[in-house]
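Below: the structure, in structure tokens.
Everything numeric here is computed off the predicted structure, so don't read it as measured data. The sequence lines fix the lettering, A, B, ..., with proteins before strands; numbering per chain opens at 1.
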Number of protein chains: 2
Amino acid sequence: MTTSRKPRPDKARTGNRGENRREALLEAAASLFGTKGYDGTSIREISSAVGMLPGSIYYHFPSKEDLLLAVHEQGVNSVLRAVQEAIGKLPEDDAWARLEAACVAHLESLLGENSFSQVVTPQFTRSLEEPLRSSLIAQRDRYEKLFVELVDALDLPDGISKRHLRLSLLGSLNWSTTWYRKGRNTPATIAKRMVELYRYPLDISTARARS
Amino acid sequence: MTTSRKPRPDKARTGNRGENRREALLEAAASLFGTKGYDGTSIREISSAVGMLPGSIYYHFPSKEDLLLAVHEQGVNSVLRAVQEAIGKLPEDDAWARLEAACVAHLESLLGENSFSQVVTPQFTRSLEEPLRSSLIAQRDRYEKLFVELVDALDLPDGISKRHLRLSLLGSLNWSTTWYRKGRNTPATIAKRMVELYRYPLDISTARARS
DNA sequence: CCTACCGATCGGTAGG
DNA sequence: CCTACCGATCGGTAGG
């Protein structure tokens with residue numbers, strides 16, 4: 001098993017060209033899938049976006065579905081990494097701060113430059129056919145478990161369902177993809193405000209119940 | 001072997017057969033668009049769902065886009081009617097009760113039997129091409145204005161953005177289409193819990209600030 | 001509404 | 001990766 005790969009540093013432009021082409025395809029597909037949907041994007045659009053002929057895509061990916069799967073996996077990994085990095089530096093005993101940091105990283109991924117993240121959202125998955133659909137959901141579950149833990153760590157007043165709080169908060173955040181416009185509030189600001197909407201009032205309630 | 005029978009029902013169903021067929025088309029299209037998306041649904045699927053040949057759809061609608069437009073308009077009207085009826089009976093001075101009733105009606109429409117409502121959500125509109133997209137958004141704005149008014153009527157503590165509260169709440173509600181499963185909590189229960197998540201804590205904050 | 005049909009486009013493939 | 005294709009399906013139409 002000789003799996004060490006060679007970067008080929010000799011010519012910057014044409015170096016590891018095969019890898020570059022594959023990544024270019026992933027990037028183009030992510031962007032097109034995100035804006036026009038899976039069904040609304042043709043193999044021809046993706047290939048021409050990277051200056052390739054339609055049939056050549058199948059040198060890199062066995063099918064359009066596999067291309068989506070690869071895009072989605074990269075999306076999940078990238079958001080997962082961003083959130084884990086954001087909460088990694090925070091102390092474990094401040095559950096609200098960790099949740100807020102996670103939400104900021106989440107929304108920055110979702111609304112930022114990264115085309116891959118848009119594909120990770122369940123609203124994208126909804127209209128897909130069944131074998132493909134389940135694969136994406138399985139990938140995404142890896143990510144959502146993170147938020148289950150973060151919300152579980154909160155200290156909440158009685159009568160507040162943690163599950164509904166999590167779903168409600170994620171809904172608030174994810175829904176912003178439908179109304180967000182660049183140039184106004186930054187994704188980080190929006191995320192913080194939305195967490196505040198739950199946090200301060202709930203904190204007050206908790207403190208009152210304690211006293 | 002059955003006796004050959006006429007494709008059209010007898011005089012039991014009265015003469016406005018054209019209207020029936022048109023409505024059947026709208027119903028089938030609403031259901032298919034909702035589950036498989038606009039691009040993912042073919043004219044042939046819609047027509048065969050109502051026992052019609054593909055070309056015959058164009059006797060009722062000039063194009064697939066117009067069919068979607070008609071479905072969407074009916075969806076907006078139906079949700080609008082449901083919400084207006086729900087808040088109509090409530091006194092104007094209880095702004096939270098009115099908002100809650102609106103959210104219940106909203107979610108019951110969205111998650112209920114009515115196939116048309118699913119098409120009203122912005123997440124459906126996102127991937128559509130531009131001329132069509134704007135038409136749908138314009139239709140939907142008629143509906144969203146209602147929630148602007150309902151949230152504006154709330155008495156909130158300082159520092160809480162009404163716009164973000166509205167967007168956050170609607171996000172929580174609309175996002176439930178991605179995780180809702182029949183048989184567990186009813187749409188009404190979910191809506192109430194989500195409004196509670198904002199309401200009681202915020203009420204407490206407001207009362208505290210007042211005293 | 002059906003019959004009969006269209007050009008365009010789709011995802012995908014064989015062979016180099 | 002390109003060349004050169006394929007069958008299937010798409011939205012839509014003319015004419016009755």
Side-chain polar contacts of residues 143-154 of chain A - donor-acceptor pairs under 3.5 angstrom, sequence neighbours left out - could you list them?
| unit_1 | atom_1 | unit_2 | atom_2 | d |
| --- | --- | --- | --- | --- |
| A/Tyr143 | OH | A/His106 | ND1 | 2.5 |
| A/Glu144 | OE2 | A/Arg140 | NE | 3.4 |

Taken in chain and number order and not counting sequence neighbours, the residues that satisfy ring pair (Phe, Tyr, Trp, His ring centres under 6.0 Å) with A/Tyr38 are A/Phe33
Atom pair distance, as rounded to whole Å: CG in A/Leu67 and C1' in C/dG12:
14 Å
Using a cut-off of under 3.5 Å, enumerate the N/O to N/O pairs linking the protein to nucleotides 2-4 of chain D.
| unit_1 | atom_1 | unit_2 | atom_2 | d |
| --- | --- | --- | --- | --- |
| D/dC2 | OP2 | A/Leu53 | N | 3.1 |
| D/dC2 | OP2 | A/Ser56 | OG | 2.3 |

Please name all residues satisfying salt bridge (charged side-chain N to carboxylate O under 4.0 Å, His left out) with A/Arg133, sequence neighbours left out, ordered by chain then number.
A/Glu130
Would you please confirm or rule out a distance under 4.0 Å between OP1 or OP2 of D/dG12 and any side-chain N or O of B/Tyr58?
yes
Go through DNA chain C and write down every stem, that is, every run of at least three consecutive Watson-Crick or G-U wobble pairs with distances under 3.5 Å, as range with range.
C:1-16 with D:1-16
How would you list all residue pairs meeting salt bridge (Lys or Arg N to Asp or Glu O under 4.0 Å) that involve residues 36-53 of chain A, not counting sequence neighbours?
A/Lys36-A/Glu45, A/Lys36-B/Glu129
Residues which pass side-chain contact (heavy atoms from CB on, under 4.5 Å) with B/Ser48, listed by chain and number, not counting sequence neighbours:
none
Distance only, no hydrogens: is a donor on one side chain within 3.5 Å (strictly under) of an acceptor on the other, for A/Thr177 and A/Gln123?
yes
Tell me which pairs pass salt bridge (Lys or Arg N to Asp or Glu O under 4.0 Å) where either residue lies in residues 81-90 of chain A, with sequence neighbours left out.
none
Between D/dC10 atom P and B/Ile57 atom CD1, what is the distance in whole Å?
12 Å
All pairs passing salt bridge (Lys or Arg N to Asp or Glu O under 4.0 Å) where residues 168-186 of chain B contributes a residue, at least two apart:
B/Glu113-B/Lys182
So the salt bridge (Lys or Arg N to Asp or Glu O under 4.0 Å) pairs with at least one residue in residues 46-66 of chain A (sequence neighbours excluded) are none
Which residues pass the side-chain contact (heavy atoms from CB on, under 4.5 Å) test with B/Ser168, sequence neighbours left out?
A/Ser172, A/Met194, A/Leu197, A/Tyr198, B/Tyr198
Close approaches to DNA chain D from residues 28-50 of chain A, in residue order (heavy atom, under 4.0 Å)
none
Rounded to whole Å, the CG-C1' distance (B/Asp66 to D/dG12) equals 13 Å
